[in-house]
Amino acid sequence: MTHDPYSLTELIRSDEFIAWVMHPDANNNERWRLFLENYPEKKGTIDAAREYVILLAKDTGRDQPIETQSVRMWNAVESQMHNSEKWHSNVDEPAEAERVISGWRWLRVAASAVLILSIGSVSYWFYCKQGNGRVSLSAGNKQVAVNDVIQKYNATKKPLTILLADGSSVVLQPGGHLSYSDVPAANRREVTLTGKAFFEIVKNKERPFLVYSYGLATKVLGTSFMIDASEASKEIRVEVKTGTVSVFSINNLDKKEIDEESDKPELTGITLSQDQRIAFSKDNGKIVKLANQAKGAVVDMDILKQGFVFDETPVHEVFETLERVYNVQISYDKVKMGNCTLNATLIGQPFREKLEAICNALDAQYEIKDNQVWIVGKGCK
Amino acid sequence: MAVINVDALVGEKTDQQLWQRIRKGDEQAFTVIFEKYHRTLYNYGSKLSQNSAIVEDAVQDVFIDIWRLRNNLTDNVISVKFYLYRALRRRIHLARDKFPVTEEITLLHDTETPANTGNSETSLIDIESASLRAKQVQNLMSQLPGRQVEALTLRYFDDFSIEEIAGIMGVSEKSVRNFIYKALTSLRHNRGILLISSLIFCLLGLF
């Protein structure tokens, strides 16, 4: 019987085709573009095959552990690690061991509770079109004991995008560390930051969003801003990109006072609006407003420079921008959606809101899993 | 977009570097490897055993072994990921010693492409609705034999090559291709049923 290497089944199992769907690059894009040019009648088959490859990947990846399982597995591994440590402990020279441990200690704490819990652990799928009732980060959250703290440490050399349960996103820079409670408080949203991060916060006046870094609290109701609270630096810097932010020192406040200050529905203390910046001294707790001009001196963060203004912009450029600043990979049907263009200003919106806005405009659906985003749409006329 | 390939290379290199650090007793490197792979390993393990306790134990044991035997780990592991998956499969295999090894291999060689490929291909392509396709794939997974699901998982979710999958599953590359081919063929048959049921559903909607 005749054998068509470009039949649906053959495409779905072709290494070359799978590679294109999963890891598109200039080479294979060109190869399949040429193929379609020569065989335009195959377009339907290609589209269907691509969708099946994505569906197969998605469906065979459904059995990932929930957070409690991840924690359980790590705890088991860790307890064994330190059992065996005892046998080997006299191998290491004490001085050496001391040094290693100090740098490593918090990481271990983080790891045992949480490293595991985080980013990738929760696989969740949701669709733009189910807009009402945003899917919360994880149904599993509620099963975890109260007061579990989620810790994220960016050990990579690239930005790490963290999606919070309220829909906000945080782009954590290399070396940065972000922690927050697994079970959100009713009246406010709180995270603790060391290192650099860019925040895009969902508006919610009833639940202010607070970032604590060393002695500084940064409070917002919904906006985007950057905080640089690097361990090595004597200063913490806050720079506002959109909206309004307030900052106050918590060095001289007790727990109750911090709570009161945090819960106030209005922004108190020193307020900053767009493009304004402050520096907070870790030593004396003083907050100084900085001049606007010295741009770029503080940050080398891609996302802070990005205006997210799209005017008749081809979608591939839009997606490339998102891929770069959020360090995610976006898979979409280049054949179907390649011709689409987008008009939108998405500055200050959290990552998911951006995707939602784009998908609405394109009549598409999106799925996020770890740092992978899949966008499926019918394309544009 | 070429960047992604570079990333893949860097990623590979990083695994290697982490591996070297683990061999020297670096706990942080070990944590990173655990964090990076334990979820997908668990996912894969779930295709080998329905019992989540067995899978959890096996994933744990793979990592515990690596740490325990770190001084004796091979220096030049080609792919850390491949090593982990193969180790996990052995673990689960040990846990349930009646793991079917021969059962499906005998079934492999008989069936070939069904005669009516042309027709069903066309209608398969014609399924427009994404949700119908998603449902179809989901249905398929619940019906396929274990080893076909295993091969599909390693190929599509875990992104292993056919050669690597053969290495992990301990079968020939031809068998792996067969597993996948048979699974995809079932997709076609499965489709007919779905189409009919959705048609009935639509008709009911009319009245």
Side-chain angles (χ1 to χ4, degrees), chain A residues 1 3 7-9 12-13 15 18 22-27 29 44-45 47-49 51-65 69-70 72-74 76-77 80-81 84 88 91-92 100 103-104 107-108 111 115-116 118 120-121 123 155-156 320 323-324 329 365 376 378, chain B residues 1-5 8 25-28 30-32 34-36 38-40 42-47 52 55-57 59-60 63-64 67-68 71 113 115 117 121 124-127 130 133-134 136-138 140-141 149 152-159 161-162 177 180-181 184-185 187-188:
Chain A
M1 80 174 260
H3 187 75
S7 70
L8 185 68
T9 312
I12 297 175
R13 69 198 191 109
D15 293 339
I18 296 171
M22 294 303 191
H23 317 284
D25 61 34
N27 277 342
N29 269 340
T45 315
D47 287 351
E51 213 175 305
Y52 279 113
V53 168
I54 292 171
L55 284 171
L56 284 164
K58 173 184 155 186
D59 213 82
T60 51
R62 267 188 318 173
D63 292 322
Q64 294 183 52
Q69 290 178 295
S70 282
R72 203 154 56 212
M73 284 187 274
W74 174 251
V77 171
Q80 287 298 313
M81 267 168 88
S84 61
H88 295 293
V91 176
D92 294 327
V100 173
W104 153 244
L107 217 167
R108 214 175 59 197
L115 243 191
I116 308 158
S118 13
S121 68
S123 321
T156 70
E320 278 162 19
E323 283 184 325
R324 196 178 66 246
Q329 286 184 14
Q365 301 175 326
V376 180
K378 289 204 169 62
Chain B
M1 288 309 255
V3 178
I4 288 172
N5 277 342
D26 183 335
E27 292 190 19
Q28 191 174 346
F30 180 71
T31 314
V32 173
F34 178 87
E35 172 59 20
K36 186 168 170 189
H38 81 274
R39 284 182 213 94
T40 55
Y42 179 93
N43 179 71
Y44 171 55
S46 299
K47 317 292 178 187
S52 66
V55 179
E56 274 185 37
D57 281 352
V59 172
Q60 281 160 212
F63 284 102
I64 290 169
W67 188 252
R68 200 166 50 86
N71 296 323
T113 323
T117 313
E121 281 266 308
L124 196 53
I125 295 161
D126 286 344
I127 301 181
R133 277 181 180 153
Q136 177 198 4
V137 171
Q138 228 172 52
L140 174 76
M141 288 304 165
V149 174
L152 289 178
T153 305
L154 292 169
R155 186 70 194 95
Y156 293 97
F157 179 70
D158 292 309
D159 206 17
S161 69
I162 298 290
R177 288 184 205 283
I180 291 173
Y181 185 72
L184 297 181
T185 314
L187 193 64
R188 275 204 298 255

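Because only heavy atoms are used, hydrogens play no part in the values below, and waters and symmetry mates are left out as well, while side chains stay in. Proteins get letters first, then strands, A, B, ... in listed order; numbering begins at 1 in each.
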Between A:R72 and B:D57 (salt bridge meaning N to carboxylate O under 4.0 Å), is one present in this structure? no
Check whether any side-chain N or O of B:N43 sits under 3.5 Å from a backbone N or O of A:T60 as a donor-acceptor pair, and report yes or no. yes
Under 3.5 Å side-chain donor-acceptor pair for B:Y44 and A:Q64: no
Under 4.5 Å from any heavy atom of chain B - which part of A:L56: both
Please round to the nearest 0.5 Å and tell me the distance separating atom CD of B:Q60 and atom CH2 of A:W74. 11.5 Å
Smallest heavy-atom separation, B:R39 atom then A:P65 atom, equals O-CD, 3.5 Å
Rounded to the nearest 0.5 Å, the CG atom of A:L55 sits from the CE atom of B:M141 at a distance of 9.0 Å
Euclidean distance, B:Y156 OH relative to A:I18 CD1, rounded to 0.5 Å: 4.0 Å
Please classify the contact of B:I162 with chain A as side chain, backbone, both or neither, using a heavy-atom distance under 4.5 Å. side chain
Which value, rounded to the nearest 0.5 Å, describes the distance between B:K47 atom NZ and A:R62 atom CZ? 6.5 Å
Minimum heavy-atom distance A:A76-B:I64, with the two atoms named: O-CD1, 4.0 Å
Tell me, side chain or backbone of B:L152 under 4.5 Å from chain A's heavy atoms, or both, or neither? both
Separation between CG (B:L184) and OH (A:Y52), nearest 0.5 Å, reads 10.5 Å
Within a strict 4.5 Å, meaning less than it, do heavy atoms of the B:W67 and A:Q80 side chains meet? no
Once rounded to the nearest 0.5 Å, what's the spacing between atom CD1 of A:I12 and atom CZ of B:R155? 12.5 Å
Any donor-acceptor pair under 3.5 Å from A:K58 side chain to B:A134 backbone: no
Just checking, any donor-acceptor pair under 3.5 angstrom between side chains of B:Y42 and A:Q69? yes
